[in-house]
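In what follows, residues are counted from 1 in the order of the sequence shown. As a basis for the values below, the full set of heavy atoms in this structure was taken, side chains included, without hydrogen atoms, waters or symmetry mates. Here the structure is a predicted model, which is why all the values come from computation and not from measurement.
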Amino acid sequence: MPTATTESNEDSYRDSISLVDKGGHRNWVYPKKPKGPLYNGRTWFSILLMTLLFAGPFLKLNGHPILLLNILQRKFIILGIPFWPQDMPLFALLMITFVMFIIVFTVVFGRLFCGWACPQTIFMEMLFRKIEYWIEGDYKAQKKLDEQEWNTNKITKKGIKHILFFVLAVAIANTFLSYLIGIDEVKKLITDGPMAHKGQFIALIIFSTAFYAVFAKFREIVCIVVCPYGRLQGLMLDKNSIVVAYDFVRGEPRGFRKKGVEQSLGDCVDCHRCVQVCPTGIDIRNGTQLECINCTACIDECNDVMEKIHQPKGLIRYASQEEISRGSKKRVTLRSVAYMTILVVLISVLTYLLATRDEVATTILRTPGMLYQQQDAEHISNMYNFEVVNKTFDDQHIDLKIKSPANTTLKMVDRNTSELLLKEDDIVKGSFFLIMPQQGITQNNIEAEIELYSNGNLIKTIKTNFVAPVK
């Protein structure tokens, strides 16, 4: 934490957020245009991620999208692996594992994801903010433009900016919708016209408006107020988590260095450039804060100042509180080991369940409310309901055969054969009778085994009960 020179700030800066003034009004943030090696690295990494994001809906594996999250139809495809409604427990475990990975990553590396890979940060800083700099200029020019009266110049610049913002929002909304319903459905919306797909068109309008509002108006409020990950970081971070941090041991006391005058000052010259470049308007020198998204803009800016005054770089850098206050670079703690152990267990269980998952899910249950039926003087039958689900993208030729007891016959209801054809993403439901000779029955409940064949291969044996009278 900062030293005594900033104790007055320490007493108050956590009592409010930088986006709100004392009167409760919005403080619009005008960040200085960032530059430097880390910003260049983030730019190239963002280009890679945006390329993957916008190309993702067009990438297919065996004619199917690599990623599809169709919530309405409860159909999910992740890296080519389909998940159907019957796989909800498995899909839930996958999501829990993903959340656990984020927790482990945050405990060790802080909010690195927020600054480098979060879609909100990437779109805001690498698309919308760049357009703003291009049209309206740097932070001082933007503030001057907002404060001046409306004239031709202001109307032109604001109009062009917001038109481009909305075009980008529509592009992002189409991409987002493609991950929900599939790129083929989005193409139909474009070619057939909105009236042929009213529901999808309304969804597109809602998404476009939401994205435009987020990047044109709400901006950093989303990270600070809306995003649950940002709100929960205080629970996940500890003194050994790596964050964008100010080295108060080296930097304090702050002050401007006068040439030729001996001064007892730290390396921080109190130039406020780290504050000017921050996209959420905070002073990183106050310590780790809720608003900090670890974008590294302050690191580049501070390193530039350190070069000019011939001091070592890294006054603001990726570091833990322990590293700064005690010089300790401990990365592995009991807490992180515990989280990593849980993560390894979840990954192991998930891998096992995925590897052993049935390609064809089958449910066979005795028809509720029915006992045995007397077929004739010599035979007893039980009626069963069945459901067969094809979890693959291939056609499945399914056949049900009775394995035991001996001399038992399986007879379909409303079907001439026990063979079923399941198309991709198909569900077949029906009923059948198990017919057993009454002679030799010695107990009320008899275990029956039914074999399930797919494309001629035995894939599962299902056990059920056969109810019969005992003479």
Less than 4.0 angstrom from a charged side-chain N to a carboxylate O is my criterion; do Lys32 and Asp138 meet it? no
Could you check whether Thr392 and Glu359, counting side-chain N and O atoms only, form a donor-acceptor pair closer than 3.5 Å? no
Do other residues, nucleotides or ligands put more than 12 heavy atoms under 6.0 Å from Lys161 NZ? yes
Is the backbone N or O of Gln148 less than 3.5 Å from a side-chain atom of Lys154, with the two atoms forming a donor-acceptor pair by type? yes
For Tyr30 and Asp146, does a side-chain donor sit closer than 3.5 Å to a side-chain acceptor? yes
Counting only heavy atoms not in Lys423, do more than 12 fall under 6.0 Å of its NZ? no
Apply salt bridge (Lys or Arg N to Asp or Glu O under 4.0 Å) to residues Arg26 and Glu220 and explain how you reach the verdict. CA-CA 11 Å; Arg26 168 85 176 271; Glu220 61 278 350; 3.2 Å; yes
Any non-hydrogen side-chain atom of Asp270 less than 4.5 Å from a side-chain atom of Phe256? no
Would you indicate whether the side-chain heavy atoms of Val243 and Gln321 approach each other to under 4.5 Å? no
How are the rings of Phe128 and Phe215 set relative to one another: parallel (under 30°), tilted (30 to 60°) or perpendicular (over 60°)? parallel
If I compare all heavy atoms of Val244 with all of Ile284, which pair ends up nearest, and what's the gap? O-CD1, 3.5 Å
Salt bridge check: are Lys188 and Glu185 linked by an N-O gap of less than 4.0 Å? yes
Shortest non-hydrogen pair, Ser454 vs Val360, comes out as OG-CG2, 4.3 Å
Do the charged groups of Asp304 and Arg273 touch, with an N to O distance under 4.0 Å? yes
Compile the donor-acceptor pairs under 3.5 Å between side chains in residues 91-120 and protein atoms, sequence neighbours left out, one pair per line.
unit_1	atom_1	unit_2	atom_2	d
Thr97	OG1	Leu93	O	2.8
Thr106	OG1	Ile102	O	2.7
Thr106	OG1	Tyr229	OH	2.4
Arg111	NH1	Leu290	O	2.9
Arg111	NH1	Cys292	O	3.0
Trp116	NE1	Tyr318	OH	2.8
Gln120	NE2	Arg219	O	3.2

Residues two or more places apart in sequence or in another chain: which of them pass side-chain hydrogen bond (donor to acceptor under 3.5 Å, both in side chains) with Asp300? none
When rounded to the nearest 0.5 angstrom, what is the spacing between CG in Leu69 and CD1 in Ile71? 7.0 Å
If you look only at pairs with a residue in residues 281-301, which of them pass as a ring pair (Phe, Tyr, Trp, His ring centres under 6.0 Å), with sequence neighbours excluded? none
Residue pairs fulfilling side-chain hydrogen bond (donor to acceptor under 3.5 Å, both in side chains) with at least one residue in residues 38-50, sequence neighbours excluded: Tyr39-Lys130
How many angstroms lie between atom CD1 of Ile293 and atom OG1 of Thr121, to the nearest 0.5 angstrom? 4.0 Å
Has Thr280 got a side-chain atom pairing as donor or acceptor with Glu291's backbone, closer than 3.5 angstrom? yes
Partners passing salt bridge (charged side-chain N to carboxylate O under 4.0 Å, His left out) against Lys35 (at least two apart in sequence or in another chain): none
So, using side-chain hydrogen bond (donor to acceptor under 3.5 Å, both in side chains) as the criterion, who are the partners of Arg250 when residues are at least two apart? Asp267
May I have the step-by-step check of ring pair (Phe, Tyr, Trp, His ring centres under 6.0 Å) for Phe176 and Phe207, ending in yes or no? CA-CA 8 Å; Phe176 182 70; Phe207 290 149; 4.9 Å; yes
Is any side-chain heavy atom of Phe83 less than 4.5 Å from a side-chain heavy atom of Arg357? yes
Any ion pair linking Asp238 and Arg335 (charged N to carboxylate O, less than 4.0 Å)? yes
I need the Ile206 CD1 to Ile202 CD1 distance, nearest 0.5 Å. 7.0 Å
More than 12 foreign heavy atoms under 6.0 Å from CD1 of Ile155: is that the case here? yes
Please check if the side chain of Thr296 supplies one atom and the backbone of Ile299 the other of a donor-acceptor pair under 3.5 Å. no
Ion pair present between Lys157 and Glu136, side-chain N to carboxylate O less than 4.0 angstrom? no
From Leu67 atom CG to Leu59 atom CG, the distance as rounded to the nearest 0.5 Å: 10.0 Å
If you measure from CZ on Phe386 to CD1 on Ile364, what distance do you get to the nearest 0.5 Å? 8.0 Å
Stepwise side chain to side chain donor-acceptor pair (under 3.5 Å) test for Tyr453 and His397: CA-CA 8 Å; Tyr453 288 82; His397 294 272; over 6 Å; no
Tell me, do Arg285 and Leu315 make a side-chain contact under 4.5 Å, heavy atoms counted? no
